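Some notes on the structure that comes next.
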Protein chains: 2
Amino acid sequence: MYQQAGSVGQDEPMSKPLYRQVADTLRAEIADGVFGPGDDLPSERELRERFDASRNTVRQGLQLLVSEGLLNSSQGRAYQVRSHEIFVLNASKFENLQFSQREDGDSYDNEVLHSGRQPHQEFRVEMVKVPQDIAERLKVAPGEQGVLRFCRRFVDDTPWSTQATHYPKWLVDAHPRLAEPDDIEEGSTRYLADRGIEQIGYHDELMTRMPTPEEARELQIGPGVPLLIWIRTGFSTDKPVRCTRTTFRGDLNHITYDLGDLRALTTRGDLH
Amino acid sequence: MYQQAGSVGQDEPMSKPLYRQVADTLRAEIADGVFGPGDDLPSERELRERFDASRNTVRQGLQLLVSEGLLNSSQGRAYQVRSHEIFVLNASKFENLQFSQREDGDSYDNEVLHSGRQPHQEFRVEMVKVPQDIAERLKVAPGEQGVLRFCRRFVDDTPWSTQATHYPKWLVDAHPRLAEPDDIEEGSTRYLADRGIEQIGYHDELMTRMPTPEEARELQIGPGVPLLIWIRTGFSTDKPVRCTRTTFRGDLNHITYDLGDLRALTTRGDLH
DNA sequence: TAGTGGTCTAGACCACCGG
DNA sequence: CGGTGGTCTAGACCACTAA
């Protein structure tokens with residue numbers, strides 16, 4: 001059934017390694033719905049028999065699927081097909097993504113509150129040295145102090161994203177509430193705007209990479225789930241005012257932008 | 001030196017598995033520059049001695065780093081520290097990302113042409129059934145035919161991204177050059193605009209995930225490199241006109257958006 | 001407690017790369 | 001050719017989960 005690796009077929013098929021056959025077969029079965037989201041896969045022992053392979057080989061195949069983000073695994077329990085509910089953030093509309101607060105009008109476009117999920121967030125404020133990369137974006141001297149307002153968001157106790165906003169020292173000196181450890185009721189962007197510091201332009205950067213071990217721990221993600229990173233630098237008329245780095249679990253989040261005239265979108269229909 | 005797994009320390013440290021110690025140690029050394037971009041790592045045999053571990057255990061640790069995108073590996077050669085040159089695409093400025101063509105003014109913001117790299121692209125046009133997800137975005141019946149204009153871009157023969165644009169049948173019927181197999185000189189968006197079909201709004205979606213095996217082959221990426229996916233739907237005054245899905249190697253590409261008034265950014269300085 | 005996955009070993013053979 | 005990584009096996013012990 002499953003060809004041995006190494007001994008190459010005469011002419012063309014150049015047999016795939018066994019562990020890849022295992023992965024490909026299971027991947028196809030997941031795609032076909034033989035195993036649906038949340039289902040348990042057969043145990044390693046059963047797969048070993050089915051594919052006539054050693055345990056390590058079966059594990060190597062399963063590991064591949066884990067690293068593709070298709071499976072979850074944890075000690076003592078069967079491999080499980082991942083299921084995804086995706087949160088969509090419209091970055092061109094929403095200035096502050098604030099959970100469980102005024103959802104006036106259009107404040108964010110999520111499927112969270114509309115599906116009985118329970119969002120919450122952890123919040124903290126620190127005085128820290130502005131990290132090098134942020135300092136460049138804020139155009140402040142490397143090593144300068146600044147305020148970090150940090151937030152980690154959860155949905156039903158699943159970590160969803162972390163958000164770190166840095167404010168330069170000159171701004172904090174002029175508007176000290178930025179450094180206070182409470183959530184700013186009206187939103188810090190609004191607070192600044194009310195005090196004459198208006199953000200009239202944004203520079204957004206989007207990128208992806210695999211999490212570091214710390215990030216993986218913080219967002220409780222295993223291998224195989226990439227991060228989606230969104231860095232927004234907010235500008236007043238003459239200089240950068242703040243820099244926010246939001247780190248999302250890539251498997252649970254999409255970001256959208258609406259540009260230009262979208263009157264044709266008013267009948268949104270089944271558009272994602 | 002390196003604690004055994006299993007036998008738990010009395011009170012707290014709960015020793016890490018050996019393969020993680022291998023990975024963590026090497027990761028730190030890469031971060032510290034002990035091994036720079038492009039450098040070879042010591043061979044598995046040497047690492048086995050250094051960490052006093054079996055070959056499989058060392059391999060497991062190395063595999064972790066590969067899956068984090070830090071290392072490349074291929075048969076017969078040493079593990080190599082990945083090096084990244086990142087291409088930045090400003091999605092709010094550039095309608096068509098066209099390689100090696102009129103770079104009038106600001107047409108794209110890359111470090112490619114400015115560093116002596118050689119870009120090129122493969123191009124093809126097909127008549128295909130519009131895929132389900134694209135059909136939703138184009139608001140056409142699922143299963144309907146449409147034109148697919150496909151492009152794969154390279155930099156110095158490294159696959160960089162693939163781009164697939166779907167046009168609905170009604171548009172192609174009215175403007176048949178969309179279905180012709182040549183590159184449209186002036187750009188297809190321009191071609192349409194000249195014929196009265198102007199795209200006045202865009203809906204962009206950004207997401208990340210690990211590549212499927214096909215995608216990994218097409219972009220020549222190994223495990224540990226996530227994809228960055230950008231889906232742009234272009235709208236005329238009353239309906240969607242085209243849908244473009246661009247699939248980037250996440251390790252080589254960033255996307256940016258400029259929103260609002262960015263006069264403060266004119267002195268771009270060291271801002272990325 | 002039985003069954004699952006997590007970690008680890010020792011050794012084998014192979015394919016590929018470079019000198 | 002020698003050295004590298006790629007694949008695979010057989011078996012061991014452990015930690016965790018669920019019944």
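Small disclaimer: the values here were computed from a predicted structure and weren't measured. Quick note on labels: first sequence line is chain A, next is B, and so on, each numbered from 1. These values consider heavy atoms only, across backbone and side chains, with no hydrogens, waters or symmetry-generated copies.
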Nearest-angstrom distance from the residue atom [atom1] of [X] to [atom2] of [N]:
X	N	atom1	atom2	answer
B:Q21	C:dC8	CD	C1'	13 Å
B:K16	C:dG6	NZ	P	19 Å
B:L62	D:dT4	CG	P	13 Å
A:L47	C:dG3	CG	P	17 Å
A:E44	C:dT7	CD	P	11 Å
A:Q63	C:dC8	CD	P	14 Å
B:R45	C:dA10	CZ	C1'	17 Å
B:Y19	C:dG5	OH	C1'	12 Å

### Task
Can you sort out the partners of A:R217 under side chain to side chain contact (heavy atoms under 4.5 Å, CB included), two or more places apart, ordered by chain and number?
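Side chain to side chain contact (heavy atoms under 4.5 Å, CB included) list for A:R217, sorted by chain: A:E214.
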
Return the set of residues passing side chain to side chain contact (heavy atoms under 4.5 Å, CB included) with A:Q132 (not counting sequence neighbours), or none when no residue passes.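 Testing A:Q132 for side chain to side chain contact (heavy atoms under 4.5 Å, CB included), a comparison that skips the adjacent residues, returns A:E136.
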
Query raised in the report: Which residues pass the salt bridge (Lys or Arg N to Asp or Glu O under 4.0 Å) test with A:R20, sequence neighbours left out?
Result: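 With sequence neighbours excluded, A:R20 shows a salt bridge (Lys or Arg N to Asp or Glu O under 4.0 Å) to no residue whatsoever.
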
Task: Any residue meeting salt bridge (Lys or Arg N to Asp or Glu O under 4.0 Å) with B:E126, in chain and number order, not counting sequence neighbours - done: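 Salt bridge (Lys or Arg N to Asp or Glu O under 4.0 Å) list for B:E126, sorted by chain: B:R124.
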
**Item:** Close approaches to DNA chain D from residues 53-61 of chain B, in residue order (heavy atom, under 4.0 Å)
**Value:**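 Those residues whose heavy atoms fall under 4.0 Å from DNA chain D, taken from residues 53-61 of chain B in numerical order, are B:R55, B:N56, B:R59.
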
**Asked** Does B:P226 offer a backbone N or O that forms a donor-acceptor pair with the side chain of A:R209 under 3.5 Å?
**Response**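 The answer is no, because no donor-acceptor pair under 3.5 Å joins these two groups.
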
Q: Not counting sequence neighbours, list each pair that qualifies as a salt bridge (Lys or Arg N to Asp or Glu O under 4.0 Å) and has a residue in residues 28-43 of chain A.
A: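 As it turns out, the salt bridge (Lys or Arg N to Asp or Glu O under 4.0 Å) pairs with a partner in residues 28-43 of chain A, which skip direct neighbours, are A:E29-A:R50.
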
Exercise. Any salt bridge (Lys or Arg N to Asp or Glu O under 4.0 Å) pairs touching residues 54-74 of chain A, not counting sequence neighbours?
Worked result: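 For residues 54-74 of chain A: A:R27-A:E68, A:E44-A:R55, A:E44-A:R59.
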
Q) Can you tell me if the side-chain N/O atoms of B:S43 get under 4.0 Å from OP1 or OP2 in D:dT4? A)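 Looking at the OP1 and OP2 atoms of D:dT4, one of them is under 4.0 Å from a side-chain N or O of B:S43.
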
Check: Is the shortest distance from a Lys or Arg side-chain nitrogen in B:R245 or B:E205 to a carboxylate oxygen in the other one below 4.0 Å?
Finding: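 So B:R245 does not pair with B:E205 through a salt bridge.
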
* Asked: In residues 68-83 of chain A, which residues come under 4.0 Å of DNA chain C by heavy atom?
  ->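 Correct list: A:S73, A:S74, A:Q75, A:G76, A:R77, A:A78, A:Y79.
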
A:F35: which residues meet the ring-ring contact (aromatic ring centres under 6.0 Å, His included) condition with it, sequence neighbours left out?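 Residues passing ring-ring contact (aromatic ring centres under 6.0 Å, His included) with A:F35: none at all.
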
